[in-house]
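As the structure is a computational prediction, the values presented were derived from the model and not from experiment.
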Amino acid sequence: MRGKTLIAYIAVAVLLIAGIVFGVVELFSDGKKGDDGSVKDIQTLISRNPVLRAVPSDAVAVLSFENFGEEMKVLGDRTKVFGALVGAVDDNKTAVFVESCAALAETDPKLKSSRALVSLHYSGGLVPVFSIESARCDTTVLSELSHIAQEAGMSSRSAEGFTVFSISDALALSAERHLKSGVSIASNEDFASCMFQSSSKNTIVFSNEAAGKILPAYLDRSLTRYSSFLKSYSSWTLMSIDEIKDERLRMGIHPSNIPVTRFYSQVFKDVKAGSMQFSKVVPSSTVWSVALSLQDRERLAENHLTFMDAQSRLAVATRERQTLAKSAGISPEDWAKLLNAMEIVRLAWRPEPEADPVTAVMVRVGNGRSSHLPSSEDGIVDYAYAGFVSNLFGGLFHMDDESSCFFNDGWLAYGSRLAMENLRERILGGDNLAALLSDASASSIIPGHAVFAAYFSPSVCKMDATFATGMKKAVDATFDGAAYEPCVLFLDGSGMNLEVRRSAAFENMKTPALVSDAQLLVPTGPFEVSNADGGKNLIQQQSNNYISLKETSGKGIWSIPFSAPICGAVEGIDYYGNGKIQYAFCAGDSFYLLDRTGRFVNGFPA
């Protein structure tokens, strides 16, 4: 479960980061709703997930699980990743409740298999309400469950065959009233529409309109200003876990199925997918990138104008387009058509390992001989079409400095002079994301065809500047044993999907060494390993490269000098099949094996 929860959290983090990436638009405002579409019978939704009856209608997020046992196992996982989402951190009341419930569920099959969920409500902060279909449970078990809640300082209420728990007595009472009155979150048409988008029993649903209340609990305060985009994307958004393995996760992202033109999700309505080539040109040190296929360029531009109209910004965009055409001697639409623009990508990468990211926009063109392009031999020149791409396809592609550009091998790049110098050097030197993904055996994470694809790598992003303090601790725990975690959010013919890969140590065969060394974090642990007694120990590498074995309590067992950083994870294995544990890991270009006393096993390193 540890690996699954670890990778699942990265997916949740990426969704929030993707919102921030898109959030650079910062040009959306509230508008009036259009005509709502119809949704299926609410009773059908209740029959699929009866526990929704216990969720008060003011919920801003709902985490739904297949059963109570699965819920408590996920929320109480050692990495505390999902626990952090519901506030179960640092042994607080919620964390104590989750830990005790997880233990109780393992002793009672009826309790363990009961349907359950957690809803989040805003009351000066995000407050969780735990709901369980308790009608199937024995009275003694329910009594013990109530005792656990009381010991954790939580209120509990029961009605209509359901039991709810919360650190807020007011919310527990509210849930009880909603159960008795027959009114719940399921009565919200937008929420119900979202829930019908997936048949998965393990889902996370959040209110986009409450993004301003949700994001401050998880993200650094400096980033929460970008919640405006999430508000404008859809009314509710559902994430379903479609495939989960220790090294790979795939989730579906489903906005509420209400056709409202003011929501940005409608920009992609009926747009055809096209070829995605951006990974072949963006640097391997890319922090994030968002690529948009222009296979259906005219429809995409038309949908964007419709969205701008719904946002009461069409007149501004039209005047800007006229000004741009007058200044450049050609309209943005004709420019894109003459170039045969096929794909655009906004990217941010680190020019040096510790440097702040720089940004650029790149356009893949089908007509490389257009007079509106510089020659490949010209190098970096002044850019004459600043503002064209952002006017056509949205503020995501706007940059404050669009003064310089260059053209190479079918791609036009523009941005600041400094950014162009670094980007051109990297491209001509063969540094690209595709090479890094190939080295990490993760090339297939980039879709061959899509409407858009957003790439993000947590290992390249500075987490300190991204997450709130409590969530930062959980994020740090997710990187144990992982050298690289590429994540891609993309929209194709099957809908919107999120895919995450986890790669431990791997050899850099194609990525230029200087760049790849700057790209990858070297994990130092602690790594949890098995011991010969069936218990657990921790192995950690210190800043001076010493390797230490400790008990889980932190008490030291041994420490040995070592000469190089560990790459990837440390695993406890029975190499000889004799019941004795050895510790295996890689460093540099060698494979090491230590015995349980800290001595190197004969024949190693290899």
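At least one side-chain heavy atom of F196 sits less than 4.5 Å from a side-chain heavy atom of R48. Counting heavy atoms from C-beta on, the side chains of V529 and F585 never come closer than 4.5 Å. You'll find the side chain of L489 stays beyond 4.5 Å of the side chain of F456, heavy atoms only. No side-chain heavy atom of T139 sits under 4.5 Å from any side-chain heavy atom of L142. Looking at L52 and I46, their side chains come closer than 4.5 Å, going by heavy atoms from C-beta outward. In this structure, the side chains of S64 and N49 come closer than 4.5 Å at one or more pairs of heavy atoms. Considering only heavy atoms from C-beta on, F206 stays 4.5 Å or farther from L120 through its side chain. In this structure, the side chains of F191 and V55 stay at 4.5 Å or more apart for every pair of heavy atoms.
Legend: residues meeting salt bridge (charged side-chain N to carboxylate O under 4.0 Å, His left out) with K112, ordered by chain and number and at least two apart, are E106. Applying the salt bridge (charged side-chain N to carboxylate O under 4.0 Å, His left out) criterion to K110, with sequence neighbours excluded, gives D138. Every residue two or more places apart in sequence or in another chain was checked for a side chain to side chain donor-acceptor pair (under 3.5 Å) with D108, and none qualifies. Partners of S114 according to the side-chain contact (heavy atoms from CB on, under 4.5 Å) rule, which considers only residues two or more places apart in sequence or in another chain, are I132, R136, C137. Residues satisfying the side chain to side chain donor-acceptor pair (under 3.5 Å) test with D595, not counting sequence neighbours, are T597, R599. Partners of S158 by side chain to side chain donor-acceptor pair (under 3.5 Å), not counting sequence neighbours, listed by chain and number: T163. Scanning for side-chain contact (heavy atoms from CB on, under 4.5 Å) contacts around E66 gives K201, N202, with sequence neighbours left out. In this structure, the side-chain contact (heavy atoms from CB on, under 4.5 Å) partners of S168, at least two apart in sequence or on a different chain, are V127, S166, A170, L171. In this structure E176 satisfies the side-chain contact (heavy atoms from CB on, under 4.5 Å) test together with R157, A159, L173, K180, sequence neighbours excluded. Scored by the side chain to side chain donor-acceptor pair (under 3.5 Å) test, S131 finds no partners at all (sequence neighbours excluded).
Annotation for G572 and I581: closest pair CA-CG2, 4.1 Å, computed over non-hydrogen atoms. Counting all heavy atoms, side chain and backbone alike, G69 lies closest to A105 at CA-CB, 4.2 Å. Contact between C101 and I148 at its shortest, heavy atoms only, is SG-CG2, 4.2 Å. Closest approach of A59 to I185, counting heavy atoms only: O-CD1, 4.1 Å. Across every non-hydrogen atom of V570 and Y583, the tightest pair is CG1-CB, 4.1 Å. Here the shortest heavy-atom pairing between T107 and A103 reads CG2-O, 3.5 Å.
For CD of Q150, the number of neighbouring non-hydrogen atoms (other residues, nucleotides, ligands) closer than 6.0 Å is 12 at most.
Here CG of L549 is found 9.5 Å from CG of L594. Values are rounded to the nearest 0.5 Å. The CG atom of N497 lies 13.5 Å from the CE atom of M239; values are rounded to the nearest 0.5 Å. Distance OG/S146 to CE/M154: 11.5 Å, rounded to 0.5 Å. Atom CG of N537 sits about 12.5 Å away from atom OG of S548, to the nearest 0.5 Å. Rounding to the nearest 0.5 angstrom, the gap separating the CD atom in E528 from the CD atom in E571 is 10.5 Å. E133 contributes atom CD, which lies 11.5 Å from atom CG of N67 (distance to the nearest 0.5 angstrom).
Residue pairs meeting the ring-ring contact (aromatic ring centres under 6.0 Å, His included) criterion with at least one member in residues 132-185, sequence neighbours excluded: F97-F165.
Looking at S143, its side chain never comes within 3.5 Å of a backbone N or O of T140 through a donor-acceptor pair.
Results of the side chain to side chain contact (heavy atoms under 4.5 Å, CB included) test with F68 over L145, L104, V51 single out L145 as the only residue that passes.
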Take I445 and Y455 through the side chain to side chain contact (heavy atoms under 4.5 Å, CB included) test and state the conclusion after the steps. CA-CA 10 Å; I445 195 173; Y455 165 87; 6.0 Å; no
Decide yes or no on side chain to side chain contact (heavy atoms under 4.5 Å, CB included) for K73 and F65, but give the supporting numbers first. CA-CA 10 Å; K73 180 186 281 187; F65 300 89; over 6 Å; no
